[in-house]
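A short write-up of the structure that comes next.
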Amino acid sequence: MNLSEEIFKLKKEKNCVILSHFYQTADIQNIADFVGDSLQLSQIAANTTADIILFCGVNFMAETAKILSPNKKVLLPEPKAGCSLADSCNAEDLKIFLKNYPNHTVVSYVNTSVGVKALTDICCTSSNAVKIIESLPKNEKIVFLPDRNLGSYIKSITKRNDIVIWDGACHVHEEFSVEKIIELKQKYPAAKVLAHPECKKTVLILADKIGSTAALLEFSKKDECKQFIVATESGILHQMQISSPQKTFIPAPPIDSTCGCNDCKFMKMITLEKVYNTLKNETPEIIIDSDLIEKAKKSILRMLEISQ
Ligand code: 13P
Ligand code: SF4
């Protein structure tokens, strides 16, 4: 039996569900029960009847699954799979920052630690951020964190110019080169540009469609265009190519072409071998203090209620 077959056998025996984010490598996406964006995966984690959730993604995603299903065993094959964006805002610094903004509602992107979620009123993901902000009364004062690019994108869409934005960013999405995207557009004049809202404004201006990973995938399926330049992490190209084999997907290049920046190094830490060992040994497991779970849960549940 090869590794994938061993994983299929084990997950059935153990009543385990394998969730994979779109940014995982193709071999991981292929063995997953569900492949999705961060919102879809958190919804599945909240409703699964499996005994074990094995999360092929990064730490904050597995933590969100644990917060939503505290009685289940949640496994993450690589504990070092973090997120540069989540790391750009820690709970201690946030506590100090928020002292300057009393009476503000704290809206946090789900790419945050449990400690930050415990200080948050309502979470959002890239697929529901605009909806979450628009669900709040017009005169409500808002602090948005940690992504400055998503924050300024939401500000421009909702026209709520007084939103206070934390100065954080993702190392992958900040690195796309405007010049190289323009060069690609000259080479492929019919191509449409798809961009994740974590990209800089200078990239978003070039985009035909801005959206979460799931929204970009959906657009690429439905749109009549045959060529797309994709400004988000490269893993998404796998599902785009499966859904539309006749179309061409071109990854948007990073500024420094030697750095492999359109790969998220954290997402790519998950390998089939690690998935197999994790499932076999039921470790590394996500463990979170129950008090912290209760504090962080409210902000995620509020998001899920609005996103239904
Ligand atoms: P999605 O919410 O689109 O899945 O994005 C998550 C993420 O980490 C983007 O970098
Ligand atoms: Fe975090 Fe960026 Fe990786 Fe997404 S792509 S998980 S935001 S580091």
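Only heavy atoms go into these numbers, but all of them, side chains included; no hydrogens, no water, no symmetry mates. It should be emphasised that the depicted structure is a prediction, and the values quoted were computed from it without experimental measurement. Just so you know, ligand 1 is whichever comes first in the structure, and atom 1 is the first atom listed for that ligand.
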Pairs under 3.5 Å, N/O atoms on ligand 1 and on the protein: can you put them in a table with the distances?
from     : atom 1 : to     : atom 2 : distance (Å)
ligand 1 : 2 (O)  : Ser38  : OG     : 2.6
ligand 1 : 2 (O)  : Ser126 : OG     : 3.0
ligand 1 : 3 (O)  : Ser126 : OG     : 3.0
ligand 1 : 3 (O)  : His196 : NE2    : 3.0
ligand 1 : 3 (O)  : Thr213 : N      : 2.9
ligand 1 : 3 (O)  : Thr213 : OG1    : 3.0
ligand 1 : 4 (O)  : His21  : NE2    : 2.6
ligand 1 : 4 (O)  : Ser38  : N      : 2.9
ligand 1 : 4 (O)  : Thr213 : OG1    : 3.1
ligand 1 : 5 (O)  : His196 : NE2    : 3.4
ligand 1 : 8 (O)  : Asn111 : ND2    : 3.1
ligand 1 : 10 (O) : Glu198 : OE1    : 3.1
ligand 1 : 10 (O) : Glu198 : OE2    : 3.2

Residues [X], [Y]: salt bridge by 4.0 Å N-O rule:
{"X": "Glu174", "Y": "Lys200", "value": "no"}
{"X": "Glu233", "Y": "Lys268", "value": "yes"}
{"X": "Lys9", "Y": "Glu6", "value": "no"}
{"X": "Lys14", "Y": "Glu282", "value": "yes"}
{"X": "Asp162", "Y": "Lys155", "value": "no"}
{"X": "Glu305", "Y": "Arg302", "value": "no"}

(message) Could you identify the single nearest non-hydrogen protein atom to atom 4 (Fe) of ligand 2 and state the distance to 0.1 Å?
(response) Tyr23 CE1, 3.9 Å

(message) Starting from Leu119 and following side-chain heavy-atom contacts under 4.5 Å between hydrophobic residues (I, L, V, M, F, W, Y), which residues can be reached?
(response) Leu94, Phe97, Leu98, Tyr101, Val106, Val116, Val143, Leu145, Val164, Trp166

(message) Please tell me whether Ser4 and Tyr276 have a donor and an acceptor in their side chains that are separated by less than 3.5 angstrom.
(response) no

(request) For Glu63 and Lys66, run salt bridge (Lys or Arg N to Asp or Glu O under 4.0 Å): C-alpha distance rounded to whole Å, both residues' side-chain angles, the deciding distance at 0.1 Å, then the answer. (result) CA-CA 5 Å; Glu63 282 183 349; Lys66 182 69 185 176; over 6 Å; no

(request) Enumerate the protein N/O/S atoms at a distance below 2.8 Å from atom 1 (Fe) of ligand 2, ignoring waters. (result) Cys83 SG

(request) Tell me, please: is Glu198 in heavy-atom contact with ligand 2, that is, under 4.0 Å? (result) yes

(message) Filter on ring pair (Phe, Tyr, Trp, His ring centres under 6.0 Å), then keep only pairs touching residues 177-199, sequence neighbours left out; what's left?
(response) His173-His196

